[in-house]
Structure formats: structure tokens, C-alpha cells
S.K.: 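Mind looking over this structure? Questions follow.
Computation of the quantities below employed the complete heavy-atom set of this structure, encompassing side-chain atoms and omitting hydrogens, waters and symmetry-equivalent molecules. Lettering of chains follows the sequences in order, A, B, ..., and the numbering in each one begins at 1.
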Amino acid sequence: MDDPVNMQSIYLAIVLAPLIGSLIAGLFGWKVGRSGAHWAANIGVAIAFLLSLVVFKQIILDGAPSFDGVIYTWLVSGSGLHLDVGFRVDELTAIMLVVVTFVSLMVHVYTIGYMHDDPGYNRFFCYTALFTFAMLILVMANNFLQLFFGWEAVGLISYLLIGFWFKRESANYASLKAFLANRVGDLGFLLGIAVIYKYFGSMDYSTVFKSAHAIVGQTLSVWPGTEWSVITVTCILLFIGAMGKSAQVPLHVWLPESMEGPTPISALIHAATMVTAGIFMVARMSPLFEFSETALSVVLLVGATTAFFMGLLGLVQNDIKRVVAYSTLSQLGYMTVALGVSAYAAGIFHLMTHAFFKALLFLGAGSVIVAMHHEQDMRHMGGLRKYMPITYWTVLLGSLALIGFPGSAGFFSKDAIISAVEASNIPGASIAYVAVLLGVFVTALYTFRMFFLVFHGEGRMDQHTRDHLHESPWVMTLPLIALAIPSLVAGLMWAGPVLFDHPGVFFGHAIVVLPDHDVLREMAHHWQGPLSFMVHGLMDPAFWLAMAGLAVAYVCYMVRTDLPDLAIAKLGVVYTVLVEKYGFDRFNEFFFVGGGTLLGRFLWQKDVALIDGVVVNGTANAVAWISSVVRYVQSGFLYHYAFAMILGLLCLLGWFVVA
Amino acid sequence: MSLPLLSLLVWVPIVGAIGVLSLGEHRAPLVRQIALGVAGVTFVLGLSLFIEFDRTTYAMQFVEDSSWIPTFGIRYSLGVDGISAPLILLTTFFTMLVIVMTGGVIQRRVSQYMAAFLAMEGLMIGAFAATDAILFYIFWEAMLIPMFLIIGVWGGERRIYATIKFFLYTFLGSVFMLIALIYLGHLTGSFNIAKLQATEHLGMTAQTLIFTAFILAFAVKIPMWPVHTWLPEAYGEAPIGGSVMLAAVMGKVGMYGVMRILLPIVPDGCQRLSGWMIVLSLIAVVYIGLIAMVQRDMKRLIAYSSVSHMGIATLGAFAAFALLANGDRNAAVLGMEGALVQTVSHGFVTGALFLCVGVLYNRIRSTLVADYGGVANTMPVFATLMVLFAMANTGLPGTSGFVGEFMVILSVLQASFWYAFWAASTLIVSAAYTLWMIKRVVFGAVDNKAVAALADIDPREFIALGVLALIVLILGLWPAPLVDMMRESISHLVDQIGHSKL
């Protein structure tokens, strides 16, 4: 085996290469110019990607032992608490490394074309490379402190990138909203970490996971008179963090708005990587979550709610990016559902395939947006197929993967999740099963609604736009193709090894599943290779629901284009509810923003009035007296007096020292 | 013992102040250079203190001791430990920075301005280094005078009101402290702080009374809710340099007093009233955070934010008693360390934010949020730095603002889930008020002609803010050196407060 020191330097290089690229682009952009900046960032991320492949080969293909080591000591408290920055590289990390760096590299290449004319070009590359760094820190963490570091750092960069076009009021609003919604989640997350410190006395994964079973049965009293299981409280608090980052209901409100950011970052941050951090985190914490069925049920139900209800919202969006954004919410819900039924491997597998096809869809949408001169409203598109063949075909592949068309990557990962929910006994699994099944229909409907509206039918754009329609340059189409390939084949190739061939082996000790929760192992008994899985899939309700969704989309947007308006007229209430996004935004604005400001104003008035009224006016006479003296400040009289006072004091002091 | 390092730290700036004052008002450039030179020398002295500091002991170091007023047993004795050393470094650093950043802007009474800052530096270092209670008290009171003048002479429109309020509050608080100190001196026959700390057999009534006397003095300076109302006025009306020194250093003297005097001298009194102090701290965090959100003036916003952040520090210090009562010494140590880390970090971050406001004020002569908008368009470098400091203010990991908050939250959860919950709510509240301000000031389209005409920061400002940015990042990415410095002293302090005097 390789020398561990050697491996450690590879891990360090993976993390530092994007950081250096970012620093060059950010700090020396004025010197190296635009091409210098994009080369620095691209090379940095490319190095990280290549080295990640090396790690992937060693850990996963060659079965090298996982690595768990300290890089440097962050802080040593007198309390005995050691806080380190360190890496844990196991199967889960290895797969995340490849996904993150691959998508990041594709997005970096694409950005060269997409942001070509933007004055903030260097800044953009600085942020994206820095984001890659932060995300790598997150997935490679071997302790909760560093996890939180990465967690907040990706949130920061997400904030900066959503507000990238800072002249736009809407972008600034969206970035603030994203940061605050994430902070609500982080509050839970931080408290979860603190509970872990209380009961385990350590922040290191290895220590915590090893003794997880020891605290089963222990209770703590959050509310006087109630005793809650420690592990349930911990897991739910941690999951609140995941809900913020992975945009689960009700903390999802920031994600659609994050579309204010440039499209490449929607692909990188708000589809493929950062928003999946919550999924990754729960999978990482499987040694804890496994001991709390209550927490798993909560995870499952939140995920199912998100998967179905957020998908519905995708149906009424007209902005192409928002459709994809709601689709992301819904797919994140699917991943969360997988976690809830202890099918962590399926969740991570869907995370991976989703990273490919969703990044592809976003980048495809970006390609369309550029061609349309930054028009994002699908009602003004149509018939783009003949102008943009590469975009068309790659987006078609991405869409098929999204709806889980048999053979595509999405089919394998999503079908695995649906079957896992069906097989699970966790409380709530039956409701969740209905939700994820119906979700399949909804997914197919909004996906192909978008697809037909954009690429087929009549062109509804103005003449000027139509005259300038053209396919995007190769720096943009190449990443589309590179992402389309895994969107197509990832399932065929990897569903077996990752999920079914040797269940529980692929992820080694990285993921822990208790025997009575192990639905994937049960499913593996029926696994006879990808082809038979596909044939089986054709008889599943999921497949027919997807086809139904596709068919409805075809009828509504290709054949009888008057049907959608008719439906809106007939189902006015439902439509309004969906357009209003179930009222979450209104409620937050009214209750939290309005209420918070009002309360602040009220307290401010009381603050000055009450406290000063009691404390200061109580000595009103003294004030009057002193002010009659202080008046002389302006004349300079008191000034000299005061200095004389200090001098006198100092002389006195000095004299005693000498004497 | 080669050089009396601490005496030099105290007296070099004071002598420098006298020298600068004697130059008069007609040689402003020379005055600025000399003042900077003196502050620079003091900073180097502070650095050498940091380098030579022995991190393996809690004992006082660089000790100096000579008789001063033998009749009353008052001595001129100085010394530092892991609690005071970082604060002394902070003081020397910020004085230098303030002189660099604001020295050129002040045109009126330059030598007096410089003298006031230098004198204040010496006096504050004196307060941190004094190991005699009366000596401490004298420095404590004397530092008010230059600050009083700084606000009164170079302050804003309502400066007179602000100075009176500032003076009244701080003076009233201190008088009681003096009485308590004299009582304690009478009891033990010495004013040596270590001896006062070691007093045995202090009844609960006496401890409670002494506690009340001390907490009034310290809470006003920190400041804690509800004796904070002088602060928005004073911070708001002080010239930028004054706000920086008030926020970054002077408030720290209050926290230092809590750790040096209050906790170890009357541990049982603290124990008895710690519940109240925890509640007051949490009120500061949440209630003041909400008030900060609706401020229209950047300086006042940062002022309120200061109160809110110091709430975390006082929480960490007083929660130690609840933790010790549960027998959880480790968590108490962690919280106490967190309190001091938060104190130091808050100095850097708030100081930096005030300097940022100063940069803007120097250009547009306004600190109102509404007068800005879209500053990032015309001052990109400045905007980057200001956003960084804002993030540090929201406690983002990787910046110094995170470290103390994290330690305190980890610690107080051991005592009660709800302490931690309300303390951690600062994650949301601080992000709300800080980033909302950033949104309105820094981002957006160019709001008005004045903003359109803004010039980005000059090299002098860049160096000052850049160095602060580096410190904030280094302390966030690698706080170990800072914590190493204080570890032994804090452990000792926790042992002291765990030892009942009843």
C-alpha cells in the first residue's frame, strides 16, 4: 500500500489546488488578466479532479484502507477538548470527491463561455474555485468542527454568488434570504454539534461513531417534564441543518430565489453540490441516524413532502431556471426520502446521478438563455431545436434521466429509492411511497412541459432574437456533452456495484445500516443485473406514471395547446395556491421580516425611553449640574483642566515610582 | 529581569503624549509622525511581550513591584498573565491603527487629539497590567478622561449629551467599585489583587454587596444590558477613532475586570447571582440584536451589535458557575476561554467595522445607511474587506468571530439547552442586521451622486484594513496560539471560582 504520508499530500493537494486557483483569480486577477484568472481556476479544479480520480481508484477500485488523519490542530482547550482540521477519506468521501470536482470542472469550463462578457469575470472564477475548496473541505472533514466550517463556507459563497450581480435589487434580496434561511438550519446544526460534544466529549467522527450505541437509551430534558432520547434530539437537530442546506420544506424558500445568480452557479451550487451537502451529511451520520427510528421517520416525511409538493410548483413556473430549480427541490426530496428509509447508498447514488443530469439541465438552460439574449421566460421561446442541436439533444438526455426513463442514470437511482420506500417498515413509509410515486408523474409532466415549450412548437420570440439564434460555443457545449454521457450510462454501469452486487460492501464502514433497516440488502436478492432491472422497471407503476406525465405534457403543449389555459380557468384555486407557492414566502415576509422589524422598533423605543427614564432621569439634577460644568468643554477650559488632572495624577504616580 | 517591559508599555505612550502635547498645535505633520512613532514603539513592545510570554504557567509574568503609598499599603505593582497579555497586545495594535487611520483626517487640535489617544493607551495598558487594586482603579478612572475629551471635543452634534451620559454611567459605576475595593483592602490589609482573590471567609451578604458594587462598574463598561444606553450615544457621537477605541479596547477593560476582580474575589456571590447574569447576557444577545436590526445609523448599528456580541462573552463567563455547580469543570473552562476569545475577537471585528464606517465617513461625511447604496460599484476593494468584516461579525467559521461563539455555545449547552439555543440565535440575528446593512450600503446600484464619486481606499487605508483582515482570518483559521496563551490562566481562574469562600 501507499505510504500514508504520500496519500496525505495528495489529499492536501486536492483541497489546496482550487484554493490557490481562487486566490490567483481573486487577488491577482488585475495582474494576470481574464485569461489568467480562468486558467488559474480551471487548472486548480482540474488538478483536484485528476487527483480525486486517483483517490477513487485507490479507495474504491483497489480497496485501499480509508484514511483518517489530522492536518493541523485548530485549538486545544484547557478543558481537554482538541479541535483539529483533518481528513477522513473513505468510500463515501471518494465518490463525493469525484462528483464535486467533475461537475465543478465542467462548470468552470462552461463559465469561460457563459460569463465571457461579464465585467465580474475574475471575481466569478475566484468565487467558484473557492466554492470548490470549501465543498471539498466539507466532504473530506473527519470531525464536526470542520464539517461546520465547510458547511458555512459554502453558504457564504452561495450568498456571494447569488448576489453576484449586486446591482440588481432582486439578487441582493435573494442572497440575503438564502443566507438567513441557511442560518436557521445552521442554528439547529450547531446545537446538534453541541449536544454531540455534551454526550460524546469529542468532535471527531471516529470517536462519536464508535460510541453511538452507548448513548442509546439515554434521555435529556429539553422541555421541563419531558424526556427525549438523546440520539433522536441530536439527529433531528443535525437534520434541521440539512433541511436548510438541502432546501427541504419549510426551509426551502431560498432555493428558487437563488436562481438570481448566474446560471453556472445554479448548476454547480444549487443543483449538483452544495444543496446535496445535507444529503451527504446525513449519510455520513448514518451511524447515528440508524439508532433513531423517530429521526428517520422525520427525515422520511420531510423528504416526501418536499419531493411531491415542490414538484407541483414546477408545473406553474414560466421561468426556465425556476422550473429546473423546483425540480431540484423535488429531487432533493427523493434523496432525503432514501435517507429516511436507511437506503443511504441509494440516496448517495441519486445524489451522484442527479449531479450529472441536473448540472446538465442547468447548463443546457444557460445555453438557451444565452441564445435568447438572457430571456428566461419559456412563453417567449419555442422551436429552438433546429437552432441548437447539441443543446437540444443533451437536454433531452438530461430530461429523460430526470424523469427516470428506463436505462438512463436517473432510472436506476430513482427506481432504487422508490423500491426501497416500498420495502421499508419505517413509520410513514406508506405515505411516503404514495408521495414519491405521484412525484414521478409530476416530474415527467413539468420536465417535458419545459422541454416542449423550449425546443418544440412555434418560435414565440421576437424577430430580432430569432435572427440571432445560434448554438453556443464549444466551451459551453463540450461540458454539456461531457455531462450527458454519465447521465446516460452511470446507472447501467454503477447501479450494480454501488447498490446491489454486494450490498453494504461498496461503502465499507462509511455507511452503517442496522440489519432490520437494510432494505437495499433485501432488494439485492432480486437483482439480476441492470438489464433485468430495466425489464422489471417496465412493469413498475413508476414507469407508467412517468410515461403518463410525458404523454400529458405532449398533449397539453404540442397537440392541444389550449388545454393548460382551460385547466387554469377550471382549477383557479389550485392554480393560485401553486403560484403563491403555498404562501410560504408571504408568511415569512409578514411574520418574520415584518414581525422582527416591528419588534426591533418597539424595543428600540422602549430601550431608550425606559432605561434612560429610570437610570438617567433619576439623576436628572446631577445631569443639570454636570452639564453646567461641561458647557465649558467647548471653550477649552475643561479640556485644560482635565489634562492638568491627568498630569497631576501621573506626576504623583511617577514620583512614587522613582522615590 | 532586563527591561521593565510593562512599565515601558505604560509610560512610553504617556510620556509620548506629553511630548506631543508640548509641541503645540502648529506643527501638525510632525505631531502625526511622532505620535505614530510612539504608537509604533509601543506596539513593538507589545509584540515582544507576546513573544516572550511563557505559555506554560498561570503565574504573573514580567512582574514589577515597588512601594507607592505605604501608609495605605498601596503599591505600584505590575504583571501580566494569559488573561491580560492578549488584551494589552490588542490595545497597542489598535492605538497604532487608529493613529494611522484617523490621524490625517483630524485637522483641529491635532496634538491634543494625538495626546489623548496616546495617554489613553498607556492608561488602558496600565489597567490591564496593574496587580494592585488601587493602581488598577486609578488607571480605570483615568482612562475615562481622555475618552471623555475625545468625544466632547471631536465628537458629533450631540457630543455634549453623549459625554454627560458616558461620564455619568461610567463614573457612578466606578464609585461603588472603589468603595468595595477599600472595604476589601481594609479586610485583608493589602490591595494586592492576588491577595484579595485569596481572601478566605467572606460571608454571603458581604459577597453579594461586593458583587453588586463590582458588577455595576464592569457591566457599564462591557456594556451589559440594561446599563448599555450610554453606548449608542457615545459610539454614535464619538469621532471614528474614539468609537474604535471604545469598542475595540475600552469595553474589554470591563470584561477584564470581571475575570480579574469580580469572579475570583466573590465566587459565591457570583454563583448566587449567576442565573441573573446569564439572563441579562441572553437578553443582550437577542433583544439588542433585534434593536440593531432597525438602526438607521451604521455606527449605532455596530454599537448595538457590540452589546449583543459581548453578551456571548458574559454568558460564557457566568455560565461557568452553573456548570461548576453540576460538577462540569471542563465545560466551565471551555466557556471561560470562549468568553475571552470572544472578547479579543470582538475587539478586532468591531474595531474593523468602525474603521470601515470611518473610511466612508471621511468621504461622504455621513454614517447614515440611507446615504449610501451601491458602494461596491465605486469601491470594490473596500467592499470586499467590509463584507469580510461583516461576515466575521456574523460569526462565520474561518473568521475570528466564530471561535469564541462556538466555544461558548458548546459550553453552555452542557448547562442548559435553552442557554445554547438563545445564544445560538445570534447566528440568525447577527446575520440579519449585519447583512441587511451590507445589502443597503455596499450592494445595489449606485444610489446617489456622492456614492458615484467615491474613490476606493488609498494604500494607507488598504494596509490598515488589510492587516486587520489577515488577523481576523488567522485567528479564525488557527486560534490555537491565542488559546495557548490563555489556557493556563483560565484553568487557574476556574479553579479559583470553584473554591468557595464561605
Side-chain angles (χ1 to χ4, degrees), chain A residues 72-81 145 148-149 152-153 156 163 166-167 169 172-173 176 179-180 183-184 186-187 190-191 193-195 197-198 220 222 596-597 599-601 603-604 607-608 611-612 615-616 619 622-623 626-627 630-631 633 639 642-643 645-647 649-650 653 656-657, chain B residues 14 66 68-69 76 112 119 138 142 145-146 148-149 152-153 160 163-165 167-168 226-227 229 287 290-291 293-294 330-331 333-334 337 374 376-377 391 396-398 403 407 409-410 413-414 417 420-421 424-425 427-428 431-432 435-436 439 443-445 478-480 483-484 487 490-491:
Chain A
Y72 73 90
T73 298
W74 189 69
L75 179 156
V76 182
S77 156
S79 64
L81 177 66
L145 171 80
F148 194 65
F149 256 81
E152 289 263 291
L156 161 74
F166 58 79
K167 288 190 177 80
E169 184 58 27
N172 295 327
Y173 175 78
L176 185 60
F179 199 87
L180 291 181
R183 271 289 168 103
V184 175
D186 294 349
L187 169 66
L190 184 59
L191 290 174
I193 292 175
V195 173
Y197 170 63
K198 176 168 182 172
L220 87 174
V222 171
T597 322
L599 188 62
R601 291 234 166 79
L603 293 176
W604 185 25
D607 192 48
V608 176
I611 295 164
D612 279 8
V615 181
V616 180
T619 51
V623 175
I626 289 175
S627 65
V630 173
R631 254 206 334 263
V633 168
Y639 184 85
F643 253 107
M645 214 167 103
I646 309 185
L647 277 179
L649 200 69
L650 295 176
L653 198 57
F656 277 112
V657 174
Chain B
I14 291 175
S66 48
W68 181 25
I69 309 176
Y76 174 83
Q112 292 175 359
I138 288 169
I145 299 166
F148 181 65
L149 294 171
V153 177
I160 302 303
T163 41
I164 294 166
K165 211 165 168 182
F167 185 80
L168 263 184
V227 286
T229 57
Y287 168 109
L290 286 170
I291 294 182
M293 213 150 65
V294 296
N330 280 344
V333 170
L334 185 66
E337 283 171 346
N377 295 291
M391 283 297 167
L396 190 84
V403 188
M407 295 168 87
I409 289 168
L410 280 195
L413 187 122
Q414 322 281 307
F417 178 83
F421 177 84
S425 72
L427 276 181
I428 303 167
L435 297 183
W436 193 32
K439 172 178 174 283
F443 295 134
W478 194 43
V483 179
D484 286 347
R487 188 164 50 232
I490 295 280
S491 293

S.K.: Quick check on B:Ile490 against chain A: is it the side chain, the backbone, both or neither that has a heavy atom closer than 4.5 Å?
M.R.: neither
S.K.: May I ask you to decide if the ring planes of A:Phe149 and A:Trp74 are parallel, tilted or perpendicular, using 30° and 60° as cut-offs?
M.R.: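 The rings of A:Phe149 and A:Trp74 stand perpendicular, inter-plane angle above 60°.
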S.K.: Can you tell which part of A:Tyr72 gets under 4.5 Å to a heavy atom of chain B, answering side chain, backbone, both or neither?
M.R.: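 Only the side chain of A:Tyr72 comes within 4.5 Å of chain B.
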S.K.: Output the distance between atom CZ (B:Phe443) and atom CZ (A:Phe166), rounded to the nearest 0.5 Å.
M.R.: 7.5 Å
S.K.: Report which part of A:Leu176 has an atom under 4.5 Å of a heavy atom belonging to chain B: side chain, backbone, both, or neither.
M.R.: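 Contact with chain B: side chain only.
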S.K.: Among the options B:Leu290, B:Val483, B:Leu427, B:Ile409, pick out the one with the most heavy-atom pairs lying under 4.5 Å from chain A.
M.R.: B:Leu427
S.K.: Rounded to the nearest 0.5 Å, how far does NZ of B:Lys439 lie from OH of A:Tyr173?
M.R.: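 The NZ atom of B:Lys439 is 8.5 Å from OH of A:Tyr173, to the nearest 0.5 Å.
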S.K.: Drop me the distance from B:Leu410's CG to A:Leu81's CG, to the nearest 0.5 angstrom.
M.R.: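 B:Leu410 atom CG to A:Leu81 atom CG measures 7.0 Å (nearest 0.5 Å).
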S.K.: A:Leu75 versus B:Met407: any side-chain heavy-atom pair under 4.5 Å?
M.R.: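 Yes; the side chains approach each other to less than 4.5 Å.
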S.K.: Do you know which of A:Leu180, A:Val184, A:Leu599, A:Asn172 has the most heavy-atom pairs with chain B at a distance under 4.5 angstrom?
M.R.: A:Asn172
S.K.: Find the one option among A:Lys198, A:Glu152, A:Arg601 whose heavy-atom pairs under 4.5 Å with chain B are most numerous.
M.R.: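 The option with the most such pairs is A:Lys198.
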S.K.: A:Thr73 versus chain B, heavy atoms under 4.5 Å apart: side chain, backbone, both or neither?
M.R.: backbone
S.K.: Where does A:Leu190 contact chain B at under 4.5 Å (heavy atoms): side chain, backbone, both or neither?
M.R.: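 Only the side chain of A:Leu190 comes within 4.5 Å of chain B.
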S.K.: Under a 4.5 Å heavy-atom cutoff, which of B:Gly398, B:Ser491, B:Gly374, B:Ser425 has the most pairs with chain A?
M.R.: B:Gly398
S.K.: Looking at B:Ile428, is its backbone amide N or carbonyl O close enough to the side chain of A:Asp186 to form a donor-acceptor pair, meaning the two atoms are under 3.5 Å apart?
M.R.: no
S.K.: Kindly give the heavy-atom pair with the smallest separation between B:Leu334 and A:Ser77, and that separation in Å.
M.R.: CD1-OG, 3.6 Å
S.K.: Go through the atoms of B:Glu337 and report whether side chain, backbone, both or neither lie under 4.5 Å from a heavy atom of chain A.
M.R.: side chain
